[in-house]
Amino acid sequence: MSFFPKISLRPEVTDYLKGVFLNNELLASIGLQEAERHFETLLTCLSHPPSSTCVRASVHLAPLGEIRHKLCEELKKVNRQQKEELQVVPHPMVPDVLLLPVDGPRSVQQLSKEVVVGAQCGNAVLRGAHVFAPGMLACPKHMKAGDMVSVFSDLEGKCTRGALSFHGKRVFVGNGVAEKDRSSIFCSGEPARGVGVRMTEPLYATPSFDGLLPRLVFLQNLPSVVVGHVLGPRPGERILDMCAAPGGKTCHIATLMRDQGDVVALERISNKMELIRQNAEMLQLRCIKAFCFNSTRAVSEHSNPEAEEPPFPPESFDRILLDAPCSGLGQRPNMASTWSLKEICSFAPLQRKLFHAAVQLLKKGGVLVYSTCTVTLAENEEQVAWALRTFPCLKLQPQEPHIGAEGMAGAGLAPEQLCLLQRFRPELSWGQVDVGASLPCRANSDTIGFFIAKFQKT
Ligand code: SAM
């Protein structure tokens, strides 16, 4: 599994992360050798995609078994040439999840015609997507629709759009068929749209979900689906999702409430807020009300207690999800991050401001779930320790389901507190889980890096 490089980070960021994973508390419990092994494994597994694809089924629209059957039928149509039927397996602990295996890295012969795509596009290809024209940066002068091409991901964002070739730091992600001529991608005067390269031999093979049963299945990482269940919304409740776009978790919350009650979704960026509305509409969820709003300002003592729009008076919500903006260092695959340490450290103060608003907006007895898709202590366990010190009304709660590991030592939390936290740590078992193990077993350990804490306001 090692022909991909480890994630490339700025040296200052690598040193910082090393300090996190080799902190004194952790060294005292597992020792230097084990801590070093976890850290090096983390850097390697971050640059690879997880070994399964997870989709959340719209069980408010049809039973899981029926959705699974329809999905298998659709996949058969799309993959006619494939001899073996694709596995689609329900998750035994998460009732609305279906898992599909990812086959890779496979041995794929590189071709002479090369297309270079942006890193985000390259990462999507490694998770089963085709190449969309806006993600294309370079392609040969005479590339025509129908040409077989090799696709490379530009790791450092150095390839200029419209280039003929690029030989900077790049990684091969598979072969495909060009669906457009070069001229229609770069020279038509209008931004190119649609599929630019249809992947036929991806390095990691798993179905593309573009346009596949869009109302019935929603691509979502397993830990993100777990968050909705941990929050535990019930029909008729009033829920706030403070940082909601593109709305994957908002829609899940509304689904779990069988579309009965109120789900208020706030998002600071207006274009992104529109995505929440589009997703809610597509999934036929009417109880979602999305607003473009800065959640740090979402509390007002002077608001009408019946306020339907932000800002809201204190103690307005039964449950609150704070899926915080974060440094995103748990995302997979991620072959390179150019972020500075200053940028990475800029999230913790914002998360604390959001936390202040969340605690005020929560009713007494209500539930607050805090989550991030990053691996630092500062944005995870240290935020929990800070929150427990700052808001004596908050008590940590057990989580259901609890699939990930417990919280990581290093923030001064007691062992019984760490047990209540859920940290998805792919580095703990990466490369050790047998390929013969069941798909749910592999899916549980080989996830993105993710963190969940659940509190109740007493
Ligand atoms: N919960 C989302 C989902 O599952 O689809 C993902 C949320 S993402 C981790 C964080 C989001 O918070 C981003 O879309 C970002 O624009 C938004 N955001 C950042 N600061 C915010 C603020 N002060 N108020 C509201 N939204 C904010």
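Only heavy atoms go into these numbers, but all of them, side chains included; no hydrogens, no water, no symmetry mates. When a ligand or atom number is given, it counts from 1 through the structure's own listing order.
The protein atom (non-hydrogen) at minimum distance from atom 1 (N) of ligand 1 is D323 OD2, 2.7 Å. The protein atom (non-hydrogen) at minimum distance from atom 8 (S) of ligand 1 is A245 O, 4.0 Å. Among protein heavy atoms, the minimum distance from atom 26 (N) of ligand 1 is reached at R268 N, 3.2 Å. S295 N, 2.9 Å is the protein heavy atom nearest to atom 24 (N) of ligand 1. The protein non-hydrogen atom at the shortest distance from atom 19 (C) of ligand 1 is P325 CG, 3.5 Å. The nearest protein atom to atom 12 (O) of ligand 1, hydrogens excluded, is given as C243 CB, 3.2 Å; this is a heavy-atom distance.
The closest approach between any non-hydrogen atom of M242 and ligand 1 is below 4.0 Å. Note on ligand 1: S224 sits outside its first shell, no heavy atom being nearer than 4.0 Å.
When K353, K249, E267 are checked for heavy-atom proximity to atom 15 (C) of ligand 1, E267 turns out nearest.
Close contacts of ligand 1 with P246, meaning ligand atoms under 4.0 Å from a residue heavy atom, involve 5 (O). Counting atoms of ligand 1 from 1 in the listed order, those under 4.0 Å from a heavy atom of F293 are 24 (N), 25 (C). Taking a cut-off of under 4.0 Å to the non-hydrogen atoms of A244, the atoms of ligand 1 that pass are 1 (N), 2 (C), 3 (C), 5 (O). Distances below 4.0 Å separate heavy atoms of I269 from the following atoms of ligand 1: 16 (O). Near N294, the atoms of ligand 1 lying under 4.0 angstrom from a non-hydrogen atom of the residue are 22 (C), 23 (N), 24 (N).
Using a 4.0 Å cut-off between a side-chain N of Lys or Arg and a carboxylate O of Asp or Glu, E73 and K70 do not qualify as a salt bridge. One finds no salt bridge joining D318 and R234 here, because no Lys/Arg side-chain nitrogen approaches an Asp/Glu carboxylate oxygen to under 4.0 Å.
Under a cut-off of 6.0 angstrom, the local environment of CZ in R37 is crowded, with over 12 non-hydrogen atoms contributed by other residues, nucleotides or ligands.
Every ring pair (Phe, Tyr, Trp, His ring centres under 6.0 Å) that F312 has, sequence neighbours left out, goes to F317.
Closest heavy-atom contact between L329 and T374: N-OG1, 3.1 Å.
Between A324 and ligand 1, a contact under 3.5 Å exists for no N or O pair. Checked against a 3.5 angstrom limit, the closest N/O atoms of G247 and ligand 1 fall inside it. The N/O atoms of T296, backbone and side chain alike, include none that comes under 3.5 Å of an N/O atom in ligand 1. Considering both main-chain and side-chain atoms, G248 comes within under 3.5 Å of ligand 1 through a nitrogen or oxygen pair. Not a single N or O atom of D241, backbone or side chain, sits closer than 3.5 Å to an N or O atom of ligand 1.
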So F355 and Y370, ring pair (Phe, Tyr, Trp, His ring centres under 6.0 Å) or not? Walk me through it. CA-CA 9 Å; F355 229 109; Y370 173 80; 5.3 Å; yes

Stepwise side-chain contact (heavy atoms from CB on, under 4.5 Å) test for L219 and V217: CA-CA 7 Å; L219 261 182; V217 291; over 6 Å; no

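Each of I448, I7, L9 was checked for a side chain to side chain contact (heavy atoms under 4.5 Å, CB included) with N334, and the lone residue meeting it is I7.
Ring planes of H356 and W386: perpendicular class, angle over 60° (limits at 30 and 60°). Ring pair F424/F450 is perpendicular by interplanar angle, where above 60° counts as perpendicular and below 30° as parallel.
Heavy atoms of K272 found under 4.0 angstrom from ligand 1 belong exclusively to the side chain.
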Side-chain donor-acceptor distances from residues 284-293 under 3.5 Å, at least two apart:
unit_1, atom_1, unit_2, atom_2, d
Q284, OE1, R215, NH2, 3.2
K289, NZ, D262, OD1, 3.0

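Rounded to the nearest 0.5 angstrom, I253 CD1 and E237 CD are separated by 11.0 Å.
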